[in-house]
There are 2 protein chains.
Amino acid sequence: MKNDDAWKGLGDFIRSQRELANLSLRQLAEVAKISNPYLSQVERGIYKPSADVLKSIANALHISAESMYAQAGLLDEETEATPGHGVENAVRLDPRLTTDQKETLIRIYRGFTDRPASRQINSLPEG
Amino acid sequence: MKNDDAWKGLGDFIRSQRELANLSLRQLAEVAKISNPYLSQVERGIYKPSADVLKSIANALHISAESMYAQAGLLDEETEATPGHGVENAVRLDPRLTTDQKETLIRIYRGFTDRPASRQINSLPEG
DNA sequence: CGCATGCGCTAGGTAAACCTAGCGCATGAC
DNA sequence: GTCATGCGCTAGGTTTACCTAGCGCATGCG
């Protein structure tokens, strides 16, 4: 993924996380202490925010700065190299999940990552 | 360490790493593909470089982007996530998942852990 | 209906990130 | 001595990050 594409992807990522958190653009901008027009422009890929701003947005969304930088293509690829195992391990170690829930999540995760790309987009697995 | 102090500290860090690698300012700037006056100003704390520039300098010095961001105070001190955050961050960091898939997995995860996605962020429980 | 409040966004302004041109100094070769 | 090449840096210019003021639209209330 090229850097330019990463920045556009970052805007989409921020928007999706914001919507996931059920926040309006103005609410997130206020918590992150940036102007809402600027956040709108960042989400649409018009501007590349500084690392400071990325960190503020990450904190406001309660996600780690690291995952934000990774989304922006700002971490080394080797730093990102373990996430496949990371998701499965994190699920297995989570004390809040039952065994059945863990199996389900891992099955879904594997369904997403093992199928051909044409089957992935916007599709939930059966069941 | 405050952010302003971190930026000055970053400049000192870059200079010391550069000298350690026995590179002149112009040599490092050329490898990192930035102008040498600007690198000089960054080293003296006059300007705060963007994350892109930080990454280029880190690569040119053969050090990890992550340690560069940490030196600049741009990483969370609480990188040790709680288990709940571990799953969500692992999902977000996984380069094999599309944004939609990440959203889906996180929604399912939150449904399993009774973490309502529709709540306002300020009223989320500790976790 | 008017008014208040919320939404995301445009337009123009300011500040700073980053650049190029070129300076003064140091060193080495002839 | 001159000339070439290296050094780090200043000054002014360009680009872009980020801001404020305010728009149009939607919704709810009296």
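As the structure is a computational prediction, the values presented were derived from the model and not from experiment. Each chain gets a letter, A, B and so on, in the order its sequence line appears, and its residues count up from 1.
Minimum atom distance to the side chain of S24(B) is reached by dG8(D), of the listed dC18(C), dG8(D), dC18(D). Of the listed nucleotides (dC9(C), dC7(D), dC18(D)), dC7(D) has the atom at the smallest distance from the side chain of Q27(B). The side chain of R26(B) sits closest to dG8(D) out of dT10(C), dG8(D), dC18(D). In the set dT10(D), dT10(C), dG8(C), the nucleotide with an atom closest to the side chain of P37(B) is dT10(D). Nearest to the side chain of S40(A), among dC18(C), dC9(C), dA17(D), sits dC9(C). The side chain of R44(B) has dC9(D) as its nearest neighbour among dC18(C), dA17(D), dC9(D).
When heavy atoms are screened at a 4.0 angstrom cut-off, S35(A) is found touching base atoms of the nucleic acid.
Counting heavy atoms from C-beta on, the side chains of L28(B) and I34(B) never come closer than 4.5 Å. No side-chain heavy atom of V31(A) sits less than 4.5 Å from a side-chain heavy atom of S56(A). Residues R18(A) and Q27(A) fail the side-chain proximity criterion, which asks for heavy atoms closer than 4.5 Å. Looking at heavy atoms from C-beta onward, Y109(B) lies out of side-chain contact with Q101(A) at the 4.5 angstrom threshold.
One atom, CD1 of I34(B), and another, C1' of dC19(C), lie 11 Å apart when rounded to the nearest Å. Here the C1' atom of nucleotide dC7(D) and the CD atom of E30(B) are 14 Å apart, to the nearest Å. Counting to the nearest Å, the P atom of dC9(C) and the CD1 atom of I46(A) are 9 Å from each other. We find that CD of Q41(B) is positioned 11 Å from P of dC18(C), with the value rounded to whole Å. The separation between L39(B) atom CG and dC9(D) atom P is 9 Å, rounded to whole Å. The separation between N22(B) atom CG and dC7(D) atom P is 11 Å, rounded to whole Å. Regarding L28(A), its CG atom lies at a distance of 12 Å from the P atom of dC7(C), rounded to whole Å. Across the protein-nucleic acid pair, Y47(A) atom OH and dG12(C) atom C1' stand 10 Å apart, rounded to whole Å.
Donor-acceptor pairing under 3.5 Å, judged by distance alone, is absent between the side chain of N36(B) and the base of dC7(D).
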Pair K55(A)-Y69(A), side-chain contact (heavy atoms from CB on, under 4.5 Å): steps then yes or no: CA-CA 8 Å; K55(A) 187 166 187 276; Y69(A) 302 143; 3.7 Å; yes
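Taking side-chain N and O atoms only, R18(B) has no distance below 4.0 Å to OP1 or OP2 of dC7(D). Within the 4.0 Å cut-off from OP1 or OP2 of dA17(C), not a single side-chain nitrogen or oxygen of S50(A) is found.
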